[in-house]
Amino acid sequence: MIYIHIPFCQRKCNYCAFNSKIADSSEKNFYVDALIKEIALRGDDSAVETIYFGGGTPTTLTLNQLEKIICAVGKYFSIDERAEITIEANPGTVNENYLRGLKSLGFNRLSLGVQSFDDELLKILGRIHDSRTAIETVELAKKFFDNVSVDLMYSLPNQTLKKLRRDLEQIKLLEPQHVSIYGLEIEEGTEFFALSRAGKLPLPAENTCADMYDLITATLPTLGFNRYEISNFAKKNFESRHNRGYWTGKKYFGFGAGAHSFDGKTRTSNTRDVATYIKNNAAIVEEIVTRQAAMEEFCFLGLRLVEGISAQDFKKKFGVKISDVFGFVIEKNCRRGLLKLNGDKISLTERGMALGNEVFADFLLN
Ligand code: SF4
């Protein structure tokens, strides 16, 4: 698994705390060169089954720049011929020629940051696109890709259930293969954080947010999307293989500013700062994942998946029974109706999905 971070955007959205910035073309060129250097330095013979270009907005790079990166990956790794190769794109940053180019570079999955189809909300969020552009981009994307994912947000300022219902109707009409949902979180350092501090962010009431979540999770399955993870819904056979890899503890390489890597024992992360990354290439900070942390992660990452975790897999991986380590946590959350047991499997209930963070916190032993 390979993740490649492209930290550039045309504009900073009002809620965004991701590692992204506005850059000119020469900074982007230097960044691409630094990326290629890092890929060359860390390449090995392992077969790559998924590649994910995330950001930022990877489609702010030219096709030529993307081609250089893909070629470097092909040169220093062995890309499986059936690899899932995803790129995140934002409406307003791609046209027909660009999409055709992405396809010819080998991308076979497009993840579109739509967020909403409502013009007022898009403006509040500070997105560069309007509703019409979002619709046209999804339609165009479907002409070139048979695996298109749409991101949808809820709990937004001024959002109502009626507006959300309209967004879901639009999803029904557009028929993407995959939908990811995100509840707005107000993060420090963002425009929304400042507005919220000043009491100027008209967020929906908590119970309305809960109703929004219920509306989405109840509606998407009626449109043919299976929920396979807390925030992800897919038509049959269109689950994201890359993200599933994170939740099941696979090894991955992360290239670019702020990207993380995991070799099964050690997690490393590159410097977040783009200028430092370009200058020093991968300034890596290492963190050994202790046995305890690995056991905790196995549980709280695996529980994100609807299928949950397997007690047998836990035993195979760590040599102890899951009940010997987390018995009290599992029992407590079963009693609260947040976890359920089914044979070898332990998984979240519907209610547990809504309160996932509470359950995950319980799996942290210290
Ligand atoms: S497009 Fe995405 S990464 Fe870029 S500023 Fe907006 S939310 Fe952040």
Side-chain angles (χ1 to χ4, degrees), residues 3-25 27-28 31-32 35 52-62 65-66 69 86-95 98-99 102 109-138 141 148-159 167 176 178-196 201 203 231-232 240 242-243 254-260 269-274 277:
Y3 173 79
I4 296 174
H5 190 70
I6 309 296
F8 306 121
C9 289
Q10 282 186 13
R11 186 164 81 199
K12 193 79 183 168
C13 299
N14 295 332
Y15 59 96
C16 179
F18 295 127
N19 190 19
S20 68
K21 59 176 293 209
I22 299 159
D24 60 21
S25 60
E27 187 174 0
K28 288 179 190 167
Y31 186 80
V32 170
L35 260 180
Y52 194 104
F53 281 63
T57 309
T59 47
T60 52
L61 291 189
T62 62
Q65 288 167 325
L66 290 172
I69 302 169
T86 304
I87 186 162
E88 289 179 353
N90 281 322
T93 62
V94 291
N95 58 23
Y98 194 92
L99 290 173
L102 290 180
R109 184 170 183 272
L110 202 69
S111 175
L112 290 170
V114 168
Q115 321 309 356
S116 170
F117 293 98
D118 184 281
D119 280 335
E120 185 206 355
L121 298 184
L122 288 167
K123 212 165 172 191
I124 291 174
L125 290 173
R127 303 292 301 188
I128 57 166
H129 65 272
D130 59 13
S131 164
R132 208 172 131 195
T133 315
I135 293 168
E136 284 171 2
T137 306
V138 179
V148 174
S149 179
V150 168
D151 290 351
L152 207 59
M153 293 184 79
Y154 64 99
S155 299
L156 303 176
N158 278 7
Q159 192 176 31
D167 278 352
H178 187 281
V179 178
S180 297
I181 61 164
Y182 299 94
L184 175 70
E185 282 179 22
I186 307 297
E187 311 243 20
E188 212 168 329
T190 63
E191 195 65 33
F192 273 6
F193 186 79
L195 286 171
S196 139
L201 199 64
L203 292 170
S231 310
N232 286 284
S240 159
H242 187 83
N243 287 340
F255 297 117
H260 297 259
S269 50
N270 291 351
T271 175
R272 266 177 76 89
D273 182 65
V274 174
Y277 176 79

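Bear in mind that the values here come from a model prediction, so they are computed numbers and not experimental data. Both ligands and their constituent atoms are indexed starting at 1 by order of listing. Every heavy atom of this structure was used, including side-chain atoms; hydrogens, water molecules and symmetry mates were not.
For atom 3 (S) of ligand 1, the closest non-hydrogen atom on the protein side is G56 N, 3.4 Å. Nearest non-hydrogen protein atom to atom 1 (S) of ligand 1 is N90 ND2, 3.2 Å. Scanning the protein heavy atoms around atom 5 (S) of ligand 1, the nearest turns out to be C13 N, 3.2 Å. Protein heavy atom nearest atom 7 (S) of ligand 1, with residue, atom name and distance: Y15 OH, 3.4 Å. C9 SG, 2.2 Å is the protein heavy atom nearest to atom 4 (Fe) of ligand 1. Of the protein's non-hydrogen atoms, the one nearest atom 8 (Fe) of ligand 1 is C16 SG, 2.3 Å. In this structure, the protein non-hydrogen atom closest to atom 2 (Fe) of ligand 1 is R127 NH1, 3.9 Å.
In plain terms, the two heavy atoms of K12 and I22 that are nearest each other are N-CD1, 4.2 Å. Smallest separation of non-hydrogen atoms from V94 and A89: CG1-CB, 4.2 Å.
N14 places no side-chain N or O within 3.5 Å of a backbone atom of F192 that could act as its donor or acceptor partner. One N or O on the side chain of Y31 and one on the backbone of A257 form a donor-acceptor pair closer than 3.5 Å.
Heavy atoms of R11 come nearer than 4.0 angstrom to ligand 1 in at least one pair. Taking 4.0 Å as the cut-off, G113 does not count as a neighbour of ligand 1 on heavy-atom distance.
Between V114 and T137 there is no side-chain heavy-atom pair separated by less than 4.5 Å. Using a 4.5 Å cut-off on side-chain heavy atoms (C-beta onward), L156 and I124 make no contact.
Near T57, with a cut-off below 4.0 Å to any heavy atom, the atoms of ligand 1 are 1 (S), 4 (Fe).
Taking OG of S25 as the start and CZ of F8 as the end, the distance is 10.5 Å to the nearest 0.5 Å.
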